[in-house]
Amino acid sequence: LEATAREYSQTKVGGKNVYCAYVDAAITIEDIANGQIIYEDEVSAKGVHTMNYTEAAREAYRSISDDIAKVLKDSLGL
């Protein structure tokens, strides 16, 4: 699993700055017994915050964690 955050945009809404960031995660699940790839894909999530890009990225990480957990459960049969 490799995840990275990126700044996307900043706009003003009602006099406040709104920051948007995305988190992109590449997920690869490999069977270590035989080296076969069980699952390989990428997922992305958007985060929005009025504080700064860091807080927007944190929101995106929180959002994407549910997607990643679902992939792991489905792929590993948990």
Side-chain angles (χ1 to χ4, degrees):
L1 172 66
E2 182 179 333
T4 57
R6 58 187 162 94
E7 296 176 359
Y8 182 69
S9 66
Q10 175 189 355
T11 58
K12 281 200 181 270
V13 176
K16 287 189 172 187
N17 287 325
V18 176
Y19 299 89
C20 297
Y22 278 89
V23 170
D24 304 306
I27 304 168
T28 303
I29 300 173
E30 181 180 344
D31 183 336
I32 59 170
N34 61 18
Q36 182 180 7
I37 301 293
I38 297 170
Y39 181 90
E40 188 170 34
D41 202 359
E42 294 183 12
V43 293
S44 294
K46 179 181 176 181
V48 179
H49 207 283
T50 57
M51 194 87 125
N52 54 40
Y53 283 116
T54 301
E55 294 303 320
R58 282 190 180 127
E59 289 297 319
Y61 274 113
R62 286 184 191 105
S63 175
I64 206 169
S65 66
D66 292 337
D67 297 336
I68 293 170
K70 183 178 181 334
V71 165
L72 293 175
K73 287 178 185 175
D74 292 348
S75 297
L76 301 176
L78 301 175

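FYI, the numbering just counts along the sequence from 1. What's counted below: heavy atoms across the whole structure, side chains too, no hydrogens, waters or symmetry copies.
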For [X], all residues meeting side-chain contact (heavy atoms from CB on, under 4.5 Å), sequence neighbours excluded:
{"X": "Y39", "result": "I27, I29, D41, V71, S75"}
{"X": "A21", "result": "A56, A57"}
{"X": "E40", "result": "T28, I37"}

- Query: Who passes salt bridge (Lys or Arg N to Asp or Glu O under 4.0 Å) against D31, sequence neighbours left out?
  - Reply: none
- Message: Checking K70 now: which residues fulfil salt bridge (Lys or Arg N to Asp or Glu O under 4.0 Å) with it, not counting sequence neighbours?
- Response: D74
- Which hydrophobic side chains are connected to V13, either touching it within the sub-4.5 Å cutoff or through other members that do? V18, V48
- Message: Heavy-atom count check: over 12 atoms from other residues, nucleotides or ligands less than 6.0 Å from Q10 CD?
- Response: yes
- Task: Any pair with a residue in residues 45-78 that passes ring-ring contact (aromatic ring centres under 6.0 Å, His included), sequence neighbours left out, goes on the list, sorted by first then second residue, please.
- Result: Y19-Y53
- Check N52 against T54 and note the closest heavy-atom contact, atom names and distance. OD1-N, 3.1 Å
- Item | Exercise: identify the closest heavy-atom pair between K46 and C20 | CE-SG, 3.8 Å
Which residues pass the side-chain hydrogen bond (donor to acceptor under 3.5 Å, both in side chains) test with [X], sequence neighbours left out?
{"X": "S44", "value": "D24"}
{"X": "E55", "value": "R58"}
{"X": "K16", "value": "none"}

- Is M51 linked to V23 within one hydrophobic cluster, defined over Ile, Leu, Val, Met, Phe, Trp and Tyr using a side-chain heavy-atom separation of less than 4.5 Å? no
- Message: With salt bridge (Lys or Arg N to Asp or Glu O under 4.0 Å) as the rule and sequence neighbours excluded, what pairs involving residues 60-69 come up?
- Response: E59-R62
- Kindly compute the distance separating CD (E30) from CD1 (I38), expressed to the nearest 0.5 Å. 8.5 Å
